[in-house]
Amino acid sequence: MLMNGYRSNSDMDQNDLQVRRAQTLPSAAAAEGELNRYPDPAQALDILPEEQRDVWHNKLRSARGAGRVDVLLDLGRALQYIDPHAALAQLRRARQLLADGSKAAARGTRSLRRHLAQEARGLRLQGAIEGQLGRSESAQALLEQARDQYQVAKDVEGEVRALLELADLQQGDVNDDEVLVLLERCRDISEAQGQSENLAGALCLLAKSRVKAGKFDEALDIYRRSLELNEKAGHHHGTAQTYEGRAYLFWCRGDYSAALEAYRKSLSIKEALGYRAGLSGILNSVGVMLQLLGDHGAAQDHYYRALHISEDLDLRAGIAISLRNLGVSDTELNENEKALGHMQRSLAINEALGNRSEQVRISNNIGNVHKALENFSESIEWYRRCLELAESIQDTRGAALALGNIGQTFVKQGEYRQGEPYLKRGLALFEELNEPWGIAIALVTLGHLYFESKQAQAALKVLHRAVDLASEVNASELLSRAHHLIAEVYNLSGDHAAAFRHYRSFHELYKKMYSEESDKRVRNLQIRHDLAQREKEAEIIRLRNAELAAKVESQQKELTAKALYLSQKNDLLLNLKKELKALSGHTVRNDRQALNSVVDNIDSTLNDEQGWDVFEAQFQSVHPDFVHTLTTMYPRLTPTEVKVCALIMLKLSSKESARILNISGRSVGEYRYRIRKKLGLDGEENLTNFLARLSAQDAG
């Protein structure tokens with residue numbers, strides 16, 4: 001059960017707290033990736049929009065104890081849709097602080113409740129991000145634990161949020177009445193307590209459940225109310241989610257233009273918010289709508305853009321979706337081998353993630369590719385795999401598609417007796433879902449089967465119904481096939497007048513479709529040519545960038561080697577000078593004068609700028625405008641401070657820098673302190689990273 005009701009929790013002792021913590025703390029292996037990638041919260045701030053960084057720096061610097069936990073939780077939420085891995089690192093760090101502070105929290109009920117509420121919030125946010133990353137099982141476990149801890153802390157608003165996250169997670173996999181009951185209860189509680197954000201979220205998910213039930217008008221009204229609540233309260237993320245929900249409704253209703261417009265509204269909001277991680281999913285959805293509207297070139301551009309974002313952020317679930325969509329697009333462009341490659345990669349990722357709902361879709365798509373290649377036995381094998389998976393997770397639509405496709409494949413091979421039961425089962429499921437398109441496809445295929453089996457009346461019954469449904473959803477190809485089959489049935493039955501009427505309807509549709517198909521073929525040929533050209537250009541750019549990167553890396557290594565050579569040379573001279581000075585105290589006057597002359601020559605060499613000039617020239621060739629940019633932006637820097645900055649860029653130690661500049665290590669530390677002050681850096685920000693960003697910005 002997702003929700004067992006609100007229970008009374010009066011006794012909260014330390015043992016109970018320790019048991020709960022043992023159940024909820026992440027394993028070391030699970031946390032290692034994010035914590036290693038972002039070892040310091042200050043590093044994660046670089047991901048945020050620039051205007052927000054100073055505020056977060058101040059929060060992190062001033063927060064202590066439980067207050068620092070709150071800041072880290074807030075930071076995790078702020079990063080959730082920008083870089084989920086960075087967000088997880090902050091949430092895990094917050095939960096480690098909570099674990100360290102458990103004894104102090106257990107001293108009083110008030111502090112313990114705050115402690116539990118913080119831990120519950122961390123669990124909820126982490127569960128939501130795990131779901132975002134496609135890790136459904138761990139997401140559900142974390143969200144259920146968050147719900148329980150919110151109950152212990154008597155935080156009703158937090159509990160409702162955890163329940164909504166759970167419902168959203170479950171709604172993607174199953175069509176269960178329990179989810180609907182849960183959502184209605186969350187709606188009622190949120191409305192009674194004036195929780196506008198929770199109420200808007202509950203309404204959005206309720207509307208989605210109405211869409212799945214085929215109740216489009218009712219769903220549209222609910223979405224309208226959710227949108228009003230979000231816009232009134234300034235919940236921008238909720239507004240974007242509601243637009244996505246409306247787009248899904250229009251998609252299911254076959255209104256692809258309206259769906260595209262709604263998806264683009266959501267996309268513009270997320271781009272304005274800087275939600276880079278949130279862009280991958282919406283770009284894929286925009287691509288699907290463009291593909292359904294026949295613009296395969298623009299669709300593939302969106303899929304590749306989404307793929308690159310997901311790869312940059314290591315969003316494996318997003319990578320898998322983009323690959324699956326590219327596979328479907330490749331199939332429509334008759335690039336079947338390429339399609340199989342994309343889909344197999346997508347399937348492997350989803351198997352590793354344990355995402356069975358996506359495995360259902362991809363197995364069905366792979367079956368479609370094999371059917372297009374006329375590998376019928378392989379296609380049926382994939383459809384049966386799809387059916388088994390769909391039934392295991394109660395995915396009614398996935399099961400209906402698999403059944404219909406198995407039936408169609410048998411009919412295509414002339415094996416009508418084997419195909420009929422699959423088509424009937426698929427039709428029953430599509431009727432249960434109230435999905436006109438799926439019903440129409442099943443009816444036309446059954447009509448074809450009955451016609452070939454000489455069952456005229458049965459054929460006419462299902463085909464006339466198919467005409468009505470295909471007209472309703474504006475499915476020209478289905479409508480054309482239905483009219484053609486009806487004409488054939490009437491012709492065999494001797495009703496030539498009726499046959500003529502349907503032949504005429506068929507030919508009118510066929511002429512229109514032939515013209516559109518010819519245009520589509522020409523357009524698709526152009527698209528395939530353009531895509532091939534873009535891939536060639538992208539490969540050329542990639543090779544050039546790789547060559548340039550290798551050249552820069554080689555120059556950087558050479559530059560660092562030059563700096564280390566200067567350091568070692570100066571170190572050798574300093575040691576020699578020290579030894580000569582020691583020796584001069586034990587020599588006669590003439591020898592002492594000769595030794596002092598050598599020491600003077602060493603000092604002259606150490607203070608000679610010629611060696612630095614050679615190094616500086618090489619530094620300028622690798623970082624051509626760094627010094628100019630630095631001195632222009634920060635004119636108060638002295639020449640020696642600029643030299644120190646250049647050596648910091650090479651990540652040399654203070655000792656190595658001191659040898660090159662012929663100063664003490666302590667002096668280098670003082671220079672670094674003065675440089676930080678002149679650059680306006682606080683104690684949290686890394687000087688090396690700042691100078692590296694300045695160099696990268698200049699190079700860009």
Exercise. What residues form a side chain to side chain donor-acceptor pair (under 3.5 Å) with Asp155, not counting sequence neighbours?
Worked result: none
Exercise. How about Glu159 and Ile189: do any of their side-chain heavy atoms sit closer than 4.5 Å?
Worked result: no
Exercise. Would a 4.5 Å heavy-atom cut-off, applied to side chains only, mark Asn198 and Cys186 as touching?
Worked result: no
Exercise. Out of curiosity, Leu323 CG to Leu347 CG, how far, rounded to the nearest 0.5 Å?
Worked result: 11.0 Å
Exercise. Does the side chain of Tyr383 come under 3.5 Å of the side chain of Asn368 through a donor N or O and an acceptor N or O?
Worked result: yes
Problem set entry | Rounded distance (nearest 0.5 Å) linking atom CD of Glu137 with atom CG of Asn355 | 10.5 Å
For this session: Let me see the working for Ser196 and Lys232 under side-chain contact (heavy atoms from CB on, under 4.5 Å), right down to the final yes or no.
Result: CA-CA 9 Å; Ser196 63; Lys232 184 178 179 180; over 6 Å; no
Seminar exercise, completed: Smallest heavy-atom separation, Ala352 atom then Arg316 atom, equals CB-NH2, 3.5 Å
For this session: Tell me, please, which residues at least two apart from Arg324 pass salt bridge (charged side-chain N to carboxylate O under 4.0 Å, His left out).
Result: Glu358
Side-chain donor-acceptor distances from residues 258-269 under 3.5 Å, at least two apart:
from	atom 1	to	atom 2	distance (Å)
Ser266	OG	Ala240	O	3.0
Ser266	OG	Glu244	OE2	3.2
Ser268	OG	Lys265	O	2.8

For this session: Consider only side-chain N and O atoms of Arg124 and Tyr150, and report whether a donor and an acceptor are under 3.5 Å apart.
Result: yes
Seminar exercise, completed: When rounded to the nearest 0.5 Å, the distance separating CG of Leu72 from CD of Gln118 is 10.0 Å
Seminar exercise, completed: Sequence neighbours excluded, the answer for ring-ring contact (aromatic ring centres under 6.0 Å, His included) partners of Phe250 is none
For this session: Could you walk me through whether Val160 and Gln193 pass the side-chain contact (heavy atoms from CB on, under 4.5 Å) test, one step at a time?
Result: CA-CA 11 Å; Val160 170; Gln193 299 203 357; over 6 Å; no
Exercise. Between the main-chain N or O of Leu206 and the side-chain N or O of Ser209, is there a donor-acceptor pair closer than 3.5 Å?
Worked result: yes
Exercise. Should Arg276 and Asp312 count as an ion pair when the cut-off is N to O under 4.0 Å?
Worked result: yes
For this session: Could you check Glu130 against Arg92 for salt bridge (charged side-chain N to carboxylate O under 4.0 Å, His left out), going step by step and ending with a plain yes or no?
Result: CA-CA 12 Å; Glu130 291 282 333; Arg92 285 173 172 148; 3.4 Å; yes
For this session: With sequence neighbours left out, write down each residue that passes salt bridge (charged side-chain N to carboxylate O under 4.0 Å, His left out) with Glu218, or none if nothing qualifies.
Result: Arg210
Exercise. Does any N or O in the side chain of His115 come within less than 3.5 Å of the main-chain N or O of Leu98, such that one atom is a donor and the other an acceptor?
Worked result: yes
Exercise. So which heavy atom on Ala146 is nearest to which on Leu123, and how close?
Worked result: CB-CB, 3.7 Å
For this session: List the atom of Leu73, the atom of Leu125, and the distance in Å for their closest heavy-atom pair.
Result: O-CD1, 3.7 Å
Exercise. Can you name the residues that form a salt bridge (charged side-chain N to carboxylate O under 4.0 Å, His left out) with Asp468, not counting sequence neighbours?
Worked result: none
Exercise. With Arg481, which residues qualify under salt bridge (charged side-chain N to carboxylate O under 4.0 Å, His left out), at least two apart?
Worked result: none
Problem set entry | Flag if over 12 foreign heavy atoms under 6.0 Å of NZ, Lys59 | yes
Exercise. Got a salt bridge between Arg77 and Asp74, using NZ or NE/NH1/NH2 to carboxylate O under 4.0 Å?
Worked result: no
Exercise. Are any non-hydrogen side-chain atoms of Tyr223 and Leu249 less than 4.5 angstrom apart?
Worked result: yes
Exercise. Ignoring hydrogens and geometry, is there a side-chain-to-backbone donor-acceptor pair from His296 to Leu333 under 3.5 Å?
Worked result: no
Exercise. If you round to the nearest 0.5 Å, how far is OH of Tyr303 from CG of Leu283?
Worked result: 11.0 Å
For this session: List the atom of Ser363, the atom of Cys386, and the distance in Å for their closest heavy-atom pair.
Result: CB-CB, 3.8 Å
Seminar exercise, completed: Sorted by chain and residue number, the side chain to side chain donor-acceptor pair (under 3.5 Å) partners of Glu435 (sequence neighbours excluded) come out as Arg397
Exercise. Do Leu290 and Tyr256 have side chains that get closer than 4.5 Å, going by heavy atoms?
Worked result: no
Exercise. Taking all atoms of both residues into account, what is the closest heavy-atom pair of Leu143 and Ala128, and its distance?
Worked result: CD2-N, 4.1 Å
Exercise. What pairs with Ser392 under side-chain contact (heavy atoms from CB on, under 4.5 Å), at least two apart in sequence or on another chain?
Worked result: Arg356
For this session: Please report the shortest heavy-atom distance between Ser226 and Leu203, naming the atom on each side.
Result: CB-CB, 4.0 Å
For this session: Please test Tyr81 against Leu273 for side-chain contact (heavy atoms from CB on, under 4.5 Å), starting from the C-alpha separation and ending with a verdict.
Result: CA-CA 9 Å; Tyr81 297 103; Leu273 291 170; over 6 Å; no
Exercise. Is there a side-chain contact between Ile439 and Arg465, using heavy atoms and a 4.5 Å cut-off?
Worked result: yes
Exercise. To the nearest 0.5 Å, what is the distance between CG (Leu79) and OH (Tyr275)?
Worked result: 10.5 Å
Problem set entry | side chain to side chain donor-acceptor pair (under 3.5 Å) against Glu388, all qualifying residues, sequence neighbours excluded | none
For this session: Could you tell me whether His236 atom NE2 has more than 12 heavy atoms of other residues or ligands within 6.0 Å of it?
Result: no
For this session: Take Asn365 and Thr331, measure what side-chain contact (heavy atoms from CB on, under 4.5 Å) needs, and give me the verdict at the end.
Result: CA-CA 9 Å; Asn365 290 335; Thr331 305; over 6 Å; no
Problem set entry | Test item: Leu164 and Leu183 side chains (from C-beta on) under 4.5 Å apart, heavy atoms | yes
Exercise. Quick one: side chain to side chain donor-acceptor pair (under 3.5 Å) partners of Ser329, sequence neighbours excluded?
Worked result: Gln300
For this session: Hey, could you give me the CZ/CG distance between Arg345 and Leu326, rounded to the nearest 0.5 Å?
Result: 9.5 Å
Problem set entry | Side chain to side chain, Ser471 and Val467, heavy atoms closer than 4.5 Å | yes
Problem set entry | Flag for Gln195-Glu157: side-chain donor and acceptor within less than 3.5 Å | no
Exercise. Mind checking whether Leu315 and Leu133 have side chains closer than 4.5 Å, heavy atoms only?
Worked result: yes
Problem set entry | Under the ring-ring contact (aromatic ring centres under 6.0 Å, His included) test, residues paired with His483 that sit two or more places apart | His502
Seminar exercise, completed: Which of Val286, Ile282, Leu307 passes side chain to side chain contact (heavy atoms under 4.5 Å, CB included) with His302? It is Val286
